[in-house]
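What follows is a set of notes on a single structure, which appears directly below.
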Amino acid sequence: MGEPAPVRLYNTFTRTKETLVPATPGIVRMYSCGPTVYRYVHVGNLRTFMLPDLLSRTLEYLGYEIERVMNITDVGHLTDDTFDRGEDKMLVSARLEKKSPEEIAAFYTEAFMHDAASVNIRPAAHYPRASDYVPQMIELITKLIEKGHAYEVGGTIYYDIASFTAYGKLSRNTTDKLLAGARGEVDPRKRHPGDFTLWKAAGAHRLQVWPSPWGPGFPGWHIECSAMSMSLLGARFDIHTGGADNVFPHHEAEIAQSEGVTGHRVVSLWLHAGLLMLAGSRMAKSAGNFFRIRELEDQGFDPLAFRYLALQAKYRTKLNFSEDGLAGADRALRNLRERLQEWSAESSETAGDSDAAAAFEARFRSAIADDLDLPAAMALVSELTRSAIARPDKATLLRRWDRVLGLDLDRSVPDLELPAGAANLLEARERARDAKDFARADQLRDELAAAGVVVTDTPEGQRWKVQVGKQRDRTSRPGPAPTTP
Ligand code: AMP
Ligand code: ZN
């Protein structure tokens, strides 16, 4: 294989598209903020976790090798992370579910792996758990104190944001604005209200507690990602991903920590996934407006319909989720699989070799290389299906593109079951037609349509088709087995 193709990616830090130049030629090292394993992930979280999957599929397709890390946060993430206060989310769940934090973490990590696999998010190479990296965090905090970036008050260590001149660059100084809105108590021992916790003193009675040079305590959420990313990928790596809501304070803090320790830039490109919205508000567990992928599956949707839906929007824009939108994606996905099945029946030795096929392939590559323009790639899929090129060529291209899209386009499509009562309506309509009672036949056709059954009349009699989204296919596919990291 020749040189990997150039790829441009939108860097939140510079607010521009930049050409990816891996620190090690040909190999891209990427770190992604993973879930806090105190509850099930919702489809909004999955949209964010799909970004590193789509990136790695795209980069592999274009000839790069990828090393991918996604962390598992199992300690230190407070209920109010914007204002650096509240309770540890893990301990809240442990209390509510009457389990140990370790049991909570193990259970929700496995559920996360399963849900991610159901939307074809391929696993990362490493899933470090924060609780396994506490010594590395203590080492970073010690260096930050030595370098004058951090200070101790009563066994708690705060980062001194005034000591890091670039603080606020990633989020464009939302700090003051955000803090102006902060209500309630701020630790009066902080030098600046925006100083954030690196290490929090805790009594030995706390469930998750570690010894440290400053006494027993536990790490702050932000230092975890500095420690895990640099431990596994080194002090310079190529891409860091997260959700748009991670820009501040989480990633702003990570830059201050990692660069405060090393004295140089650590991450080349910061990529953020746009938020998934539900009826105009951010999908969030705390607000109670969210869907789990399993719920949608139980409603009869193919989980990959959610992936199809996500691919139709640019990864970094907000995306509004609706069940109607999902039903549309489910139908489109099913149709695409049906078409591929038809085209595959006509095989050809020369599939994929025509000039027209090569032109499609070139356009697909330039779409994905342009900051993962998957909506453009999906538009190409539609254009290809309508185009006049040979069907075996279409099949070859779609199969190849599916390595990036991850939609299992090759899956065979089972026939949909007739909804309850529809068989009787079909029979009645056949009789009405035989009796030349066309008014009655039309009325029955409308009733069937309302039930999701489309009837057409042919010289051989009436034909029917069950519409996806009205009566969805109930045949469950064997889901990927849950795996543990
Ligand atoms: P958490 O488990 O709360 O740490 O969240 C996991 C990831 O999901 C984070 O990177 C968040 O940025 C992301 N996330 C949370 N809510 C949404 C949403 N509504 N849409 C997209 N991503 C989200
Ligand atoms: Zn993180």
Side-chain angles (χ1 to χ4, degrees), residues 12 30-53 69-82 86 88-90 92-93 104-105 108-109 111-113 115-116 119 121 124 127-130 133 137 170-171 196 219-233 237 239-258 266-267 270-293 306 309-310 313-321:
T12 306
M30 168 156 60
Y31 181 90
S32 304
C33 290
T36 306
V37 285
Y38 70 108
R39 48 122 169 106
Y40 293 116
V41 295
H42 54 63
V43 289
N45 303 131
L46 287 180
R47 184 188 187 204
T48 286
F49 300 139
M50 225 177 260
L51 171 59
D53 173 63
V69 175
M70 178 176 278
N71 76 288
I72 301 289
T73 299
D74 60 355
V75 62
H77 195 166
L78 303 185
T79 46
D80 183 354
D81 57 60
T82 306
D88 191 313
K89 295 181 179 191
M90 295 298 301
V92 174
S93 288
I104 295 287
Y108 289 111
T109 300
F112 156 69
M113 295 290 172
D115 288 354
V119 292
I121 292 176
Y127 286 102
R129 284 181 303 193
Y133 283 76
M137 296 170 205
L170 180 75
S171 59
F196 56 87
W221 176 37
H222 315 313
I223 195 69
E224 298 177 354
C225 285
S226 284
M228 290 183 274
S229 65
M230 292 196 289
S231 296
L232 287 159
L233 297 175
F237 60 94
I239 300 178
H240 196 309
T241 77
D245 59 326
N246 290 147
V247 172
F248 185 90
H250 189 49
H251 292 162
E252 193 72 72
E254 185 175 331
I255 291 173
Q257 296 160 162
S258 300
V266 173
V267 174
W270 285 91
L271 270 69
H272 292 98
L275 293 178
L276 191 69
M277 312 293 283
L278 190 62
S281 308
R282 173 185 156 185
M283 192 177 280
K285 165 95 178 184
S286 49
N289 63 330
F290 66 95
F291 285 100
R292 266 193 78 193
I293 195 75
F306 177 69
L309 187 77
K314 183 83 189 153
Y315 75 84
R316 58 190 168 87
T317 59
K318 275 186 189 166
L319 171 62
N320 210 57
F321 177 86

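For ligands, and for the atoms within them, numbers begin at 1 and follow the listed sequence.
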I need the atoms of ligand 1 closer than 4.0 Å to a non-hydrogen atom of Arg282, numbered in the order shown. 15 (C), 16 (N), 19 (N)
Please state the angle at the Zn ion (ligand 2) spanned by SG of Cys33 and NE2 of His250: what is it, rounded to 10 degrees? 120°
Restricting to N/O/S atoms, is Cys225 within less than 2.8 Å of the Zn ion (ligand 2) or not? yes
Distance, nearest 0.5 Å, that separates OH of Tyr133 from CE of Met230: 13.0 Å
When you compare ligand 1 with Thr48, is there at least one nitrogen or oxygen pair between them that comes in under 3.5 angstrom? yes
Measure the distance from atom 21 (C) of ligand 1 to every protein heavy atom, then report the residue, atom name and distance (to 0.1 Å) of the closest one. Gly44 O, 3.0 Å
Heavy atom of the protein closest to atom 4 (O) of ligand 1 (residue, atom name, distance): Thr36 OG1, 3.1 Å
Below 4.0 angstrom from a heavy atom of Leu275, which ligand 1 atoms are there? Numbered from 1 as shown, please. 17 (C), 18 (C), 20 (N), 21 (C), 22 (N), 23 (C)
For the pair Thr12 (side chain) and Trp270 (backbone), establish whether a donor and an acceptor sit closer than 3.5 Å, ignoring hydrogens and angles. yes
Once you restrict to heavy atoms under 4.0 Å, what part of His77 touches ligand 1? Side chain, backbone, both or neither. side chain
Classify the angle between the aromatic ring planes of Trp221 and His77 as parallel (below 30°), tilted (30 to 60°) or perpendicular (above 60°). parallel
Is it the case that the side chain of Ser258 and the backbone of Ile255 share a donor-acceptor pair, with hydrogens and angles ignored and the cut-off at 3.5 Å? no
Under 2.8 Å from the Zn ion (ligand 2) - does any N, O or S atom of His251 fall there? no
Could you measure the distance from the CE atom of Met277 to the OG1 atom of Thr317? Nearest 0.5 Å is fine. 11.0 Å
Quick check on contacts: which atoms of ligand 1 are under 4.0 angstrom from a heavy atom of Gly243? 10 (O), 12 (O)
As an exercise, identify every atom of ligand 1 less than 4.0 angstrom from a heavy atom of Met283. 16 (N), 18 (C), 19 (N)
Mind checking whether Trp221 has an N or O less than 3.5 Å away from an N or O of ligand 1? no
With atoms numbered from 1 as shown, which atoms in ligand 1 lie under 4.0 angstrom from a non-hydrogen atom of Pro35? 2 (O)
Check for me whether Phe290 has a heavy atom closer than 4.0 Å to any atom of ligand 1. no
Note the single closest protein heavy atom to atom 20 (N) of ligand 1, along with its residue, its atom name and the distance in Å. Leu276 N, 2.7 Å
In this structure, atom 11 (C) of ligand 1 is nearest to the protein heavy atom Asp245 OD1, 3.3 Å
What is the nearest protein non-hydrogen atom to atom 10 (O) of ligand 1, stated with its residue, atom name and distance? Asn246 OD1, 2.6 Å
Are Tyr31 and Asn71 linked by a side-chain donor-acceptor pair shorter than 3.5 Å? yes
Any chance you could measure Asp81, atom CG, to His250, atom NE2, to the nearest 0.5 Å? 8.5 Å
Heavy atom to atom 3 (O) of ligand 1, shortest distance: which of Lys285, Met277, Arg39 holds it? Arg39
Distance, nearest 0.5 Å, that separates CE of Met228 from CE of Met137: 5.0 Å
Using a 3.5 Å distance criterion without hydrogens, assess whether the side chain of Arg316 forms a donor-acceptor pair with backbone atoms of Leu271. no
Return the residue, atom name and 0.1 Å-rounded distance of the protein heavy atom closest to atom 5 (O) of ligand 1. Asn45 ND2, 3.5 Å
I'd like to know if the side chain of His42 reaches the main chain of Asn45, judged simply by a donor and an acceptor atom lying under 3.5 Å from each other, with no hydrogens or angles considered. yes
Under 3.5 Å donor-acceptor, Glu252 side chain and Ser171 backbone: yes
If you measure every N/O of Gly274 against every N/O of ligand 1, is any gap under 3.5 Å? no
For this output row, return yes or no: ring centroids of Phe49 and Phe112 closer than 6.0 angstrom. yes
